[in-house]
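Reading through the C-alpha cells given below for one structure.
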Amino acid sequence: MSTAPTPSAPAIAIHDLTKVFPIPFKREVVTAVDSLSLTVAPGQVYGLLGPNGSGKSTTMKIVLGLVTPTKGHAEIFGRPCTSVDSREAVGFLPENPYFYKFLTGSETLHFYGRLCGLSGRKLSERTRELLALVGLEDAADRRVGGYSKGMLQRIGLAQALVQEPRLLVLDEPTAGVDPAGSRDIRDLILRFKERGITVLLCSHLLGQVQEVCDRIGILHRGKLLREGPLRDLISIENQTELVLENASPELLADLEARITLGGAKLLEKRRPQTTLERFFIEVTTGQDPR
Amino acid sequence: MHPSPSTHRIFSPTRLWAIASNTLLELVRQKVFYFLLLFALVSIGSSVILVQFSFQQQFQVLKDVALGAMSIFTWLLAVLCTAMILPRDIEDRTLYTILAKPVPRFEYLLGKLAGVLLLLLLALSLMGVVAALVLYLRQQDVLAGILAHTAPEDLDAAVRELKASTFTANLIPGILLIYIKAAICAALTLLISSFASSPVFTIIVSVMVYLIGHIQPIAREYWLNQLPAGTIVPPLIKVFLGFVALIFPDFQLFNLIDDIVVGAAVPFAAFAQTALLGLGYTAVYTILAYLSFAQKEL
Amino acid sequence: MRIRTALITLACLLAFGAGRIPIENHLAARHGAAGLNTAQLDLSLRQRIGQMSFLAALSGFRAVVADLLWIEAHSAWERTEWGRMKLLLDTVTALQPRAILFWDNAAWHMAWNASVAAREDRSQPREALRIRNQREYFKAGEDFLLRGIQNNPSSALLHERLGLLYQDKFRDPARAAEAFQRSAQLPGASQYVHRFALYQLALVPGREAEAYACLKALYQKSKQEHLPTLLRRLQDLEKKLSVPPDQRLPILESP
C-alpha cells in the first residue's frame with residue numbers, strides 16, 4: 001500500500017483536482033475546487049492566495065487527506081495523499097489552532113511526537129529543540145489553555161515540525177497575531193526555507209506573502225487564475241524605480257531634464273516611506289528589526 | 001536531501017496508547033466527570049441511612065442502591081463522554097492536527113473509545129470500592145450486634161448468614177456485565193456521533209436506543225411467535241416488531257445484577273456467553289462507526 | 001454520500017441482528033433457566049407503579065424500584081394501612097420474584113400482623129366479619145408464600161414459613177407437616193424443620209403410627225434429640241396407639 005517516495009518528485013503535485021460538495025436537502029452543489037493543477041517544487045515557499053471561499057482550505061485539506069477529492073488526485077513527494085504514510089513528510093498548522101488546554105506546551109509536543117512514532121530521549125530532545133526554535137522555552141511548563149494567540153501559533157508551528165517533515169502546510173499562520181509575533185513567524189518561515197523545507201502558505205495577507213514567497217498562485221472560485229514566480233508576476237515591465245540618498249535639488253533638476261531628453265517620462269517624485277509595520281516595531285522594541 | 005523509505009506502520013500500539021491516555025486525561029479533567037462521580041458516590045454512601053430494617057433487608061437495599069447507582073452512572077458517563085469527544089476535537093480543530101500526522105482514522109477512533117473505556121473502568125472501580133467499603137462498615141456494625149446478642153451455639157450460623165447477605169463473589173459477574181453494557185453503549189454512542197451533527201442529538205438518540213433496547217426482548221418474543229397459543233399478530237405489526245428486534249440491541253440480557261443481589265447465581269457458561277455477546281456488540285458498533293467516520297469530510 | 005453510508009450501516013445492523021437473534025434467544029432461555037430475568041413486567045404493573053417507575057424498572061433499575069416500594073410498604077405498615085400495604089407488597093414481589101426476603105416478609109405482615117389487626121378492629125362491630133377478615137389475611141399470607149415457592153422452588157426458608165403458617169394460623173397439621181418435610185429435604189434447611197414436621201404429623205388423625213416410628217428413630221439417634229416436646233409427643237402417641245407398657249420408651253413422666 002505504501003509507495004516508495006521518489007527523490008525527484010515534487011513536494012506537492014496536484015492534477016486536475018475537483019471537489020464538489022452537495023448541499024444537504026437540495027439538488028444544488030457547491031464546486032469548491034475546479035480542475036486545479038499545480039506543482040510545488042522541493043525547497044520552494046509557495047503562496048496560495050485567494051479571498052475567503054476561494055477553495056484554498058479545501059485544496060489544503062485534500063493534500064492532507066482530510067477530504068477526498070471528487071475528481072483528480074494529489075501527491076506529496078510522490079505518495080498519494082489518500083495514503084496515511086504520505087503524511088509522514090508533512091507538518092500542518094491549521095488556521096487559529098487550538099490544542100488540548102490541559103496539556104503544557106512541552107506535553108503537547110510530546111503528544112504529537114508520539115503520534116509520529118517518536119519516543120524516549122529522542123522525543124525529549126526534539127521537544128526541547130523545537131521549544132527553543134519557536135522561543136517558547138519559558139512557557140514550556142505552562143498550560144496551553146493560558147497561551148496567547150501568538151504563542152498558540154508558535155506551539156502550532158513546533159507541533160507541525162515535530163517529526164522533521166520536508167513539507168510544511170501553513171493556513172493563515174499570522175491571522176490574529178500582533179505585528180511583532182507576525183514578524184517572528186515570517187522570520188521562522190525564512191529559516192525553514194534556508195534549511196530546505198518546502199512551505200505551502202495560504203493567506204490573504206498579501207504583504208506577508210510578498211515578503212516570503214518564491215512563487216504564488218491565485219485561486220478564485222475554485223479555479224487557479226494566475227500562477228508563477230512572484231518577481232515575474234508583479235514587476236512592471238516598462239517602469240524603473242530609482243531611490244537616491246542625499247541628492248541635491250540641482251542634481252534632481254538635472255536628472256529630470258535628462259529624462260525628458262532621453263524620451264522617457266517622469267511619472268512620480270516622492271519621498272520613500274518606511275512601512276507602518278517597521279515603524280511600529282521600531283517604536284515598540286526600540287530597535288531596527290532589520 | 002534523500003527521503004528515507006517509509007517506516008510507517010498500519011497499526012501502532014504506541015500511537016493508540018498516546019491517543020487513549022490523552023483522551024482519558026481530557027475526560028478526567030472535565031467537570032461532568034466529577035459531578036457524576038460525586039453524585040454516584042454520595043448516592044452509594046447515603047444508602048447507609050436505611051437502618052430501620054432488619055440487617056438482611058438493609059443489606060439488600062444497600063446493595064440494590066449501590067449497584068443501581070453503579071449501573072446508571074457508568075452508563076451516563078459512557079453516553080455523555082462519548083457524545084462529546086468527536087464534536088470537541090472537530091470544533092477545536094485538534095482533529096485536523098492529529099489526522100494530519102501519520103495516524104490512520106481507525107486508530108484515532110479506537111484510541112478515543114479506549115480512552116472512554118479506561119475512564120469507565122476507573123469510575124466503576126472507584127464506585128465499587130466505595131460500595132464495598134460501605135458494606136464492610138455496616139457489616140462490622142451488625143457483626144458487633146450479633147456477637148453481643150447471639151447465643152454461642154448459633155453464632156456460626158448467624159455470622160455465615162450475615163456474610164452471605166453482604167458482599168459475595170456472586171456480585172462480580174454482575175458488575176462485569178454492568179461494565180460490558182456501558183462499553184456497548186459507548187460504542188453505540190460513537191456510531192451515532194459519527195453521523196450526528198450535534199452532541200445533543202447524539203445523546204438523545206443514544207438514550208432512546210438504551211430504553212428501546214430494554215424492551216427489545218418483548219418485541220423479539222412477539223416476532224418469533226413465542227406467545228400463548230391463540231394470539232394473532234397482524235402482519236404489518238409483525239414486520240415492525242421484526243425490525244425493532246433486528247436493529248435494537250437486547251440490553252435486558254446484560255441486566256442480571258437485580259437477580260444476583262437477591263441470591264441468584266449466574267452459571268459461568270451463561271456469563272461467558274453473555275460477555276462474549278457484549279464484546280461482539282461493541283466490536284460491530286465500533287467497526288460501523290469507523291466505516292462512517294472514514295467517509296466523513298472534515 | 002452520507003445517505004449511502006447510513007443505508008449501508010442500517011443493512012449491516014440488520015445482518016448483525018439476524019446473526020445474533022438466535023444466540024440471544026438461546027441465551028435468554030438459558031438465563032431464565034438459571035432464574036435470571038424472570039420478573040413479568042407487564043401492563044398491569046405499569047398501571048400500578050406509574051409510567052416513570054415502570055420505565056426505570058424496565059431499564060435495569062427493577063431492584064431499586066422494588067426497594068423504594070418496599071420502603072413505602074414499610075411506612076404503610078407503620079400507619080397500619082393494611083390494604084395499601086398488600087397492594088405494594090404485591091408489586092414489590094412482582095418486580096423482584098427472586099427475593100426470598102420480600103416473599104417471607106410480605107407473608108409475615110399479612111398472616112401475623114394484618115390478621116391480628118383485623119381481628120381486633122374496633123370499627124367493625126360484628127365479630128363474624130372480623131373473623132372473616134382475619135382469615136382473609138391468613139389466605140393472603142399463604143398466597144404470598146405459595147407464589148414465592150413457585151418462583152423459588154428450592155427455598156427451604158419459604159417452605160418452612162409455610163409450615164409455620166399452617167401450624168399456627170390455619171391449625172392444619174397435615175399441610176404443616178408436608179410443608180416442613182419439603183423444607184427439610186432442601187439444601188440450607190434449618191436443623192429443626194424435620195422435627196417440626198414430625199410433631200405436626202403426630203397430630204394428623206390416622207398417621208400416628210408413621211409419626212411414632214419416625215419420632216422413635218429420632219429419639220434413638222442421639223441424646224441431643226431428647227427435647228421436651230419430642231418426649232411429650234412420644235408419650236402422647238404411645239397412649240393414643242396403646243403401645244404395650246413393656247414396649248414403651250423409657251421416658252420419665254414429664255413433670
Checklist entry - Any side-chain heavy-atom pair from N22(B) and F102(A) closer than 4.5 angstrom? => result yes

Item to check | Under 4.5 Å from any heavy atom of chain A - which part of S12(B) | outcome: neither

Checklist entry - Measuring heavy-atom distances to chain B, does E107(A) have an atom under 4.5 Å in its side chain, in its backbone, in both, or in neither? => result neither

Next on the checklist: A side-chain contact here means heavy atoms from C-beta on lying under 4.5 Å apart; do V84(A) and V103(B) qualify?
Outcome noted: no

Next on the checklist: Checking the side chain of R93(B) only, and the main-chain atoms of E95(A) only, is there a donor and an acceptor separated by less than 3.5 Å?
Outcome noted: yes

Item to check | Heavy-atom neighbours of F240(B) CZ exceed 12 at 6.0 Å | outcome: no

Next on the checklist: Taking CD in E91(B) as the centre, count heavy atoms belonging to other residues, nucleotides or ligands within less than 6.0 Å. Is the count above 12?
Outcome noted: no

Item to check | Non-hydrogen side-chain atoms of L103(A) and L25(B) separated by less than 4.5 Å | outcome: yes

Checklist entry - Given that the side chain runs from C-beta out, which part of R105(B) has a heavy atom under 4.5 Å from chain A: side chain, backbone, both or neither? => result side chain

Checklist entry - When rounded to the nearest 0.5 angstrom, what distance separates CZ in F21(A) from CD in E297(B)? => result 5.5 Å

Checklist entry - Would you say the side chain of E26(B) lies within less than 4.5 Å of the side chain of K101(A), judging by non-hydrogen atoms? => result no

Item to check | W17(B) vs R114(A) side-chain heavy atoms within contact, under 4.5 Å | outcome: yes

Next on the checklist: Can you confirm whether I98(B) sits close enough to F111(A) that some side-chain heavy atom of one is under 4.5 Å from a side-chain heavy atom of the other?
Outcome noted: yes

Checklist outcome for this item: Turns out that what part of I19(B) lies under 4.5 Å from chain A's heavy atoms comes down to both

Next on the checklist: Rounded to the nearest 0.5 Å, what separates atom CG in L115(A) from atom OH in Y108(B)?
Outcome noted: 10.5 Å

Item to check | Selection from L95(B), L99(B), L16(B) maximising heavy-atom pairs under 4.5 Å formed with chain A | outcome: L99(B)

Checklist entry - Relative to chain B, which of L64(A), T68(A), V90(A) shows the most heavy atom pairs under 4.5 Å? => result T68(A)

Next on the checklist: Would you say that more than 12 heavy atoms from the other residues, nucleotides or ligands in this model lie under 6.0 Å from the CZ of F33(B), or not?
Outcome noted: yes

Next on the checklist: For the residue pair D89(B) / Y100(A), report whether a side-chain donor-acceptor contact shorter than 3.5 Å exists.
Outcome noted: yes

Checklist entry - Can you find a pair of side-chain heavy atoms, one from R87(A) and one from K101(B), that are under 4.5 Å apart? => result no

Checklist entry - When you check the side-chain N and O atoms of T97(B) and Y112(A), is any donor under 3.5 Å from an acceptor? => result yes

Next on the checklist: Counting neighbours of CZ on R29(B) that are heavy atoms of other residues, nucleotides or ligands and sit closer than 6.0 Å, is the number greater than 12?
Outcome noted: yes

